[in-house]
Number of protein chains: 2
Amino acid sequence: MYSDSTKKMKTGREAVQKGRPREFDAEMALDKALHVFWERGYEGTSLTDLTEAMGISRPSLYAAFGNKEELFRRALDRYAEKGPGSVHAEALAEPTARKVVEHLLRSVASSVTDPCHPAGCLAVQGALTCSSAADSVKQELTKRRLEGEENLRRRFERAKAEGDLSPQCSPESLACYVITVTQGMSVQASGGASRADLLAVVDLALKAWPV
Amino acid sequence: MYSDSTKKMKTGREAVQKGRPREFDAEMALDKALHVFWERGYEGTSLTDLTEAMGISRPSLYAAFGNKEELFRRALDRYAEKGPGSVHAEALAEPTARKVVEHLLRSVASSVTDPCHPAGCLAVQGALTCSSAADSVKQELTKRRLEGEENLRRRFERAKAEGDLSPQCSPESLACYVITVTQGMSVQASGGASRADLLAVVDLALKAWPV
DNA sequence: CTATATATGTACCGAGTGGTACGGATATAG
DNA sequence: CTATATCCGTACCACTCGGTACATATATAG
């Protein structure tokens, strides 16, 4: 999934590599790691879970990805760029605020219930709570969620400037509302909600319009 | 918090106890445990975190509460009955469907941002994801969340029968929508959203009315 | 060929996990 | 008093955690 033409994973490596070549596909291994983190969360995933899913040994994992936390961040980047995280950017490109919201909510409803991958959204499931040892991961996820909300708010501000949104509408509150619904859908999906359930939720959420 | 007149924690104990009396207050210790689980989740909380917060030794904890999972379930019961979980029952008692939803959403917005206790809702934060070892806890939380949604759905069915809700309204979808918003607010609160933020979200969520 | 660089598999490390054995302390029952 | 029941604190258990040392295998550079 999310195939990519990039061959070398490590940053800024020269064209011709010396030494013994890697025997596994780092992109595929990263996808496997993403899948496990997505399902069990950062702390719920053990190194053994990872190496078994990725089909590589511990030293290979550390050589290729640094450590558990760096691997998680790589998985998170991949999720954001090539995975469901990319629906945010797509939605923001819609011509009107209303269409942005429709696109975003429907895409999220579909994505969090997609049987091809674990239920929910990695940014929510990854580490909603954790031990103190994993606080940095939790903060990173919080930051990313806030960034998504900020981007949406800015899109609404633009819409307001364009007359696409009424003057008494608060872009901040509207963005918070929409993101709240998406995060709630992530929890619902992890609890077994179906795609039809969530699409009905989206229809109700959209009844808040016009805002 | 949530003071209770019950003195004996163990089930069905006779009035006069023999042996050395317990030196700690089991109710208070349970509240402390609840607080830690609430903040770090089931697996993010270690036995050491618990015993330090409760001010008791490991063997005392095991003698009084069985084991970590039983302690968690006790904390969950306490949360549901004496803590924020009780707002569900209160909300259901409102005379109209609309007022039920208003009450529930506003109460949750306040509760998940209450500075007196950890952010969010225990049923969401407790174990949204976990290792395979804690699957039973995750399932228990999922079950409790679903029960809350079922109760709300039944309340809406009653409202529909009473003519309080329009005939084309789906009680199931409406309940799913409302619970989705509450769960989203739990995630938002754990990400630092303020009470004002969430009350604005509630106002927008209520604009879906009339349903 | 040799030298160098990287990857791999085994086998291990210290620390932390949930959980408990056991002996001594403190209450009631008789 | 003794007997019994419960609690408490120390000190420990087996197990898993994330992470690594080291020897070996396999590639390129010269």
Side-chain angles (χ1 to χ4, degrees), chain A residues 7-26 28-29 33 36-37 40-75 127 130-137, chain B residues 7-26 28-29 33 36-37 40-75 127 130-137:
Chain A
K7 283 300 170 195
K8 303 295 168 287
M9 296 289 290
K10 307 280 290 211
T11 59
R13 201 105 67 66
E14 56 275 22
V16 182
Q17 66 168 355
K18 304 180 66 168
R20 179 173 173 175
R22 178 179 289 141
E23 289 179 3
F24 62 93
D25 181 330
M28 292 178 69
V36 184
F37 279 132
R40 305 200 186 288
Y42 177 71
E43 286 198 305
T45 302
S46 72
L47 263 288
T48 302
D49 292 334
L50 290 167
T51 54
E52 282 178 358
M54 300 164 85
I56 63 176
S57 69
R58 278 162 124 89
S60 294
L61 188 155
Y62 277 81
F65 301 102
N67 60 19
K68 187 187 178 185
E69 182 167 346
E70 284 184 39
L71 174 59
F72 181 78
R73 295 182 126 93
R74 295 276 286 271
C130 61
S131 78
S132 51
D135 260 332
S136 62
V137 171
Chain B
K7 282 300 172 197
K8 303 294 168 287
M9 297 288 290
K10 307 281 291 208
T11 59
R13 201 105 68 67
E14 55 274 21
V16 181
Q17 66 168 351
K18 305 180 65 169
R20 180 174 172 177
R22 179 179 288 143
E23 288 178 3
F24 62 94
D25 181 330
M28 291 179 69
V36 184
F37 280 132
R40 305 199 185 288
Y42 177 70
E43 286 199 305
T45 301
S46 72
L47 264 286
T48 302
D49 292 334
L50 289 167
T51 53
E52 282 179 357
M54 301 165 84
I56 63 177
S57 69
R58 278 162 123 90
S60 295
L61 188 154
Y62 277 81
F65 301 101
N67 60 20
K68 187 187 178 186
E69 182 167 345
E70 284 184 39
L71 174 59
F72 181 78
R73 294 182 126 93
R74 296 275 285 271
C130 61
S131 78
S132 51
D135 260 332
S136 63
V137 171

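These values consider heavy atoms only, across backbone and side chains, with no hydrogens, waters or symmetry-generated copies. Letters go in sequence order (proteins before strands), and every chain restarts at 1.
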Worksheet item: D/dT24 P sits how many Å from A/E23 CD, rounded?
Response: 18 Å
Practice prompt. Indicate yes or no: does A/E69 engage A/R73 in a salt bridge with an N to O separation below 4.0 Å.
Written response: yes
Worksheet item: Honestly, is A/K68 close enough over A/F37, meaning NZ or CZ under 6.0 Å from the six-membered ring centre and within 45° of the axis?
Response: no
Fill in: Interatomic spacing from CZ in B/R40 to CG in B/D49 - rounded to 0.5 Å
5.5 Å
Fill in: Side-chain heavy-atom pair B/D135, B/C130 within 4.5 angstrom cut-off
yes
Fill in: Nearest heavy-atom neighbours spanning A/E43 and B/G44
OE1-CA, 4.3 Å
Worksheet item: OG/B/S136 to CZ/B/F72 distance, rounded to the nearest 0.5 angstrom?
Response: 10.0 Å
Short heteroatom pairs, N/O only, protein and nucleotides 21-25 of chain C, under 3.5 Å:
from   : atom 1 : to    : atom 2 : distance (Å)
C/dA25 : N3     : B/R20 : NH1    : 3.1

Worksheet item: Quick one: does A/F65's side chain get under 4.5 Å of A/R74's, heavy atoms only?
Response: yes
Worksheet item: Atom CG of A/L50 to atom C1' of D/dG18: distance rounded to whole Å?
Response: 11 Å
Fill in: Non-hydrogen atoms of B/R22 and B/A64 that approach each other most closely
NH2-CB, 3.6 Å
Fill in: Distance, nearest 0.5 Å, that separates OG of A/S131 from OH of A/Y42
9.0 Å
Worksheet item: Any side-chain heavy-atom pair from B/L50 and B/R58 closer than 4.5 angstrom?
Response: no
Worksheet item: Taking CZ from A/F65 and P from C/dA7, how many angstroms apart are they, rounded to a whole number?
Response: 11 Å
Discussion item. Tell me whether the side-chain N/O atoms of A/S60 come closer than 4.0 Å to OP1 or OP2 in C/dA7.
Written reply: no
Discussion item. Measure CZ/A/R22 against C1'/C/dA7 and give the value in whole Å, please.
Written reply: 9 Å
Worksheet entry | Shortest non-hydrogen contact between A/T51 and A/T48, atoms and distance | OG1-O, 3.2 Å
Worksheet item: Can you check the A/F72 CZ to D/dC17 P distance for me, whole Å?
Response: 18 Å
Worksheet item: Of the nucleotides D/dC7, D/dT28, C/dT10, which one has an atom closest to the side chain of A/K18?
Response: D/dT28
Worksheet, complete the sentence: Angle separating the five-pair end axes of the helix from C/dC1-D/dG30 to C/dG30-D/dC1, nearest 10°, is 0°
Pairs: protein N or O with nucleotides 12-19 of chain C N or O, under 3.5 Å:
from   : atom 1 : to    : atom 2 : distance (Å)
C/dG18 : OP1    : B/T45 : O      : 3.3
C/dG18 : OP1    : B/K68 : NZ     : 2.8
C/dG18 : OP2    : B/L47 : N      : 2.6
C/dG18 : N7     : B/R58 : NH2    : 2.6
C/dG19 : OP2    : B/Y62 : OH     : 2.5
C/dG19 : OP2    : B/K68 : N      : 3.2
C/dG19 : O5'    : B/Y62 : OH     : 3.1
C/dG19 : N7     : B/R58 : NE     : 3.1
C/dG19 : O6     : B/R58 : NE     : 3.0

